[in-house]
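Along the sequence shown, the residues carry numbers beginning at 1. Ligands are counted one by one from 1 in listed order, and the atoms in each one are counted from 1 as well.
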Amino acid sequence: MTSLAPTRIPIAQPMLDDEEKRAVLAVLDSGHLVQGPVVADLEQKFAEWCGVKHAVAVSSGTAALHLALFAHGIGPGDEVITSSLTFVASANAALFVGARPVFVDIDPDTFCLDPNLVEAAITPRTRVLLPVHLYGHPAPMPKLREIAERHGLLVIEDAAQAHGGAIDGQKVGGFGDVAAFSLYPSKNMTAGEGGLLTTNDDDLSLRLRLARDHGSVGHYRHESLGYNFRMSDLHAAIGRVQLRKLGHFNTIRQRNANFLTQRLREVEGIVPPTVSPGYTHVYHQYTVRIPDGRDVVQQHLSESGIEARVYYPSLVHEQPYYQSLGYAGIRLPQAERARAEILSLPIHPALTETDLVRIFEGVWQSVRRGSTTA
Ligand SMILES: *Cc1c(COP(=O)(O)O)cnc(C)c1O
């Protein structure tokens, strides 16, 4: 097919080639489809990659967050502190186990939980801090961990968007008691669907393994209550190939981000993402602020064939379901302001330099157009 019209640039695109296809076919040929040796190998390699003792594979990032709370016995009467500027699954995990999410405002520079506001939200019911490494920028784990230690709280990292993100060279996944990663197709690596938990706690890793598979310790012997949150070997086969490429994917994301930031820094009305000193950002999303006329820019980009998105157009506590749970009155000024100003531009590793130039020029033109029509 030949066409002179520029192709559409999607906000996300999984990077799959013959290697993933061959890996899936090999599992089909083996006849062993369910959780088996390929899952076990992915777990071992992911744990090594993150620099932690254990990884436990599950069916999704949502299942990973759910199990992280379940395996710690978090339940009714407990409070879980998290962010409202995130995918709804971060907070739903608390609801699944009967606990109550408590939303704390964000740091306007990183879009992650503001550690200076966390302590004021702690009550005698607080059991867990659940920070989100949003867009691939790690949450301020050293400060959050110190607060958690002072108050005897668990720390669960929502690392669904941050495979490879790091603080002073230490990768996310090992800062909390446990961390939850997602392998959904838009994430920095994928398995089609899937999730991974990481922990340095031997006993917890066993409880997670039981909880993901009906509490089974052998043939039809169930020692505890559990779900079916298993990952299949078919999915793990894709994940294992993707893990080998993850470092390379992240490097390209970072290179794309540097390309855009160098140019967008000069454009009035656009605030490119910042990175805290010592932090490694893996740019699951490249999210700029446009304080004035964000929707005009998004519309112009869309007309130019560039898919830019708002992550997230509603805060979690603004969702209809949460409003019905009594979150209607809460105010989070920084998260509310971010939600009105943010726009994520394509940054994925499939972009060419021509695509990046088109994205930059699209933003530049639309900002000028926005300011002349205002
Ligand atoms: C994607 C995502 C999840 C959920 O992961 P799934 O694999 O889609 O269930 C949880 N939290 C955040 C921040 C995410 O981006």
Side-chain angles (χ1 to χ4, degrees), residues 11-14 39 42 46 55-70 80-97 101 103-104 106 110-113 128-139 141 144 155-165 172-173 175-176 178-198 208 212 227-232 235-236 238-239 242-243 246 253 281-287 309-317 319 322 335 338-339 342 344 347-348:
I11 184 74
Q13 188 170 314
V39 167
L42 172 64
F46 193 76
V56 178
V58 291
S59 52
S60 70
T62 304
L65 287 165
H66 185 166
L67 280 197
L69 290 165
F70 178 81
V80 177
I81 290 178
T82 191
S83 173
S84 195
L85 180 69
T86 181
F87 183 56
V88 70
S90 312
N92 281 354
L95 297 182
F96 288 141
V97 296
F103 297 106
V104 166
I106 56 163
T110 64
F111 303 107
C112 295
L113 270 187
V128 181
L129 300 186
L130 198 160
V132 183
H133 305 311
L134 198 72
Y135 308 142
H137 188 295
M141 297 314 297
L144 291 172
V155 178
I156 298 176
E157 301 170 63
D158 183 340
Q161 303 188 354
H163 324 60
V172 302
F175 286 99
V178 57
F181 293 83
S182 165
L183 303 181
Y184 184 76
S186 66
K187 308 291 161 116
N188 292 38
M189 65 171 278
T190 186
E193 287 275 13
L196 284 156
L197 291 136
T198 55
L208 291 168
R212 76 166 164 194
Y227 297 87
N228 172 3
F229 282 165
R230 295 183 303 261
M231 178 186 282
S232 77
H235 290 92
I238 302 172
Q242 289 267 300
L243 179 58
L246 175 59
R253 285 177 183 273
H281 193 328
V282 288
Y283 295 100
H284 170 62
Q285 299 295 348
Y286 180 86
T287 303
R309 289 257 193 107
V310 178
Y311 296 106
Y312 295 87
S314 294
L315 303 175
V316 173
H317 77 276
Q319 295 290 345
Y322 280 80
R339 184 254 284 120
I342 49 178
S344 298
I347 202 68
H348 55 78

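Ligand 1 has at least one atom lying under 4.0 Å from a heavy atom of Ser90.
Using cut-offs of 30° and 60° for the angle between ring planes, the His163 and Phe181 rings count as tilted. Using bins of under 30°, 30° to 60° and over 60° for the plane-to-plane angle, the ring pair Tyr283/His281 lands in the parallel bin. Note on ring orientation: taking the six-membered ring where Trp is involved, the planes of Phe87 and Tyr312 are tilted (angle from 30° to 60°).
Only side-chain heavy atoms of Asp158 come within less than 4.0 Å of ligand 1; its backbone N, CA, C and O stay farther off.
Annotation for ligand 1: atoms under 4.0 Å from non-hydrogen atoms of Ser182 are 1 (C), 5 (O), 6 (P), 7 (O), 8 (O). Atoms of ligand 1 lying under 4.0 Å from any heavy atom of Val132, numbered from 1 in the order shown and given with element: 13 (C).
Of all protein heavy atoms, the one lying nearest to atom 9 (O) of ligand 1 is Thr62 OG1, 2.5 Å.
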Point to revise | Leu183/Met231 under side-chain contact (heavy atoms from CB on, under 4.5 Å): CA gap, chis, key distance, verdict | key: CA-CA 11 Å; Leu183 303 181; Met231 178 186 282; 3.7 Å; yes
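Atom 2 (C) of ligand 1 has its nearest heavy-atom neighbour, among His284, Gln285, Lys187, in Lys187. With atom 12 (C) of ligand 1 as the reference point, the heavy atom nearest to it among Gly61, Ser60, Ala160, Ala64 is part of Ala160.
Taking any N or O of Glu193, backbone or side chain, none lies under 3.5 Å from an N or O belonging to ligand 1. For Thr86, no nitrogen or oxygen atom sits less than 3.5 Å from a nitrogen or oxygen atom of ligand 1, counting backbone and side chain alike.
More than 12 heavy atoms of other residues, nucleotides or ligands sit less than 6.0 Å from atom OH of Tyr311.
His317 and Ser84 form a side-chain donor-acceptor contact under 3.5 Å, judged by distance and modelled atom types alone.
Under the 3.5 Å distance criterion, the side-chain polar atoms of Arg339 are left unmatched by any main-chain donor or acceptor of Leu85.
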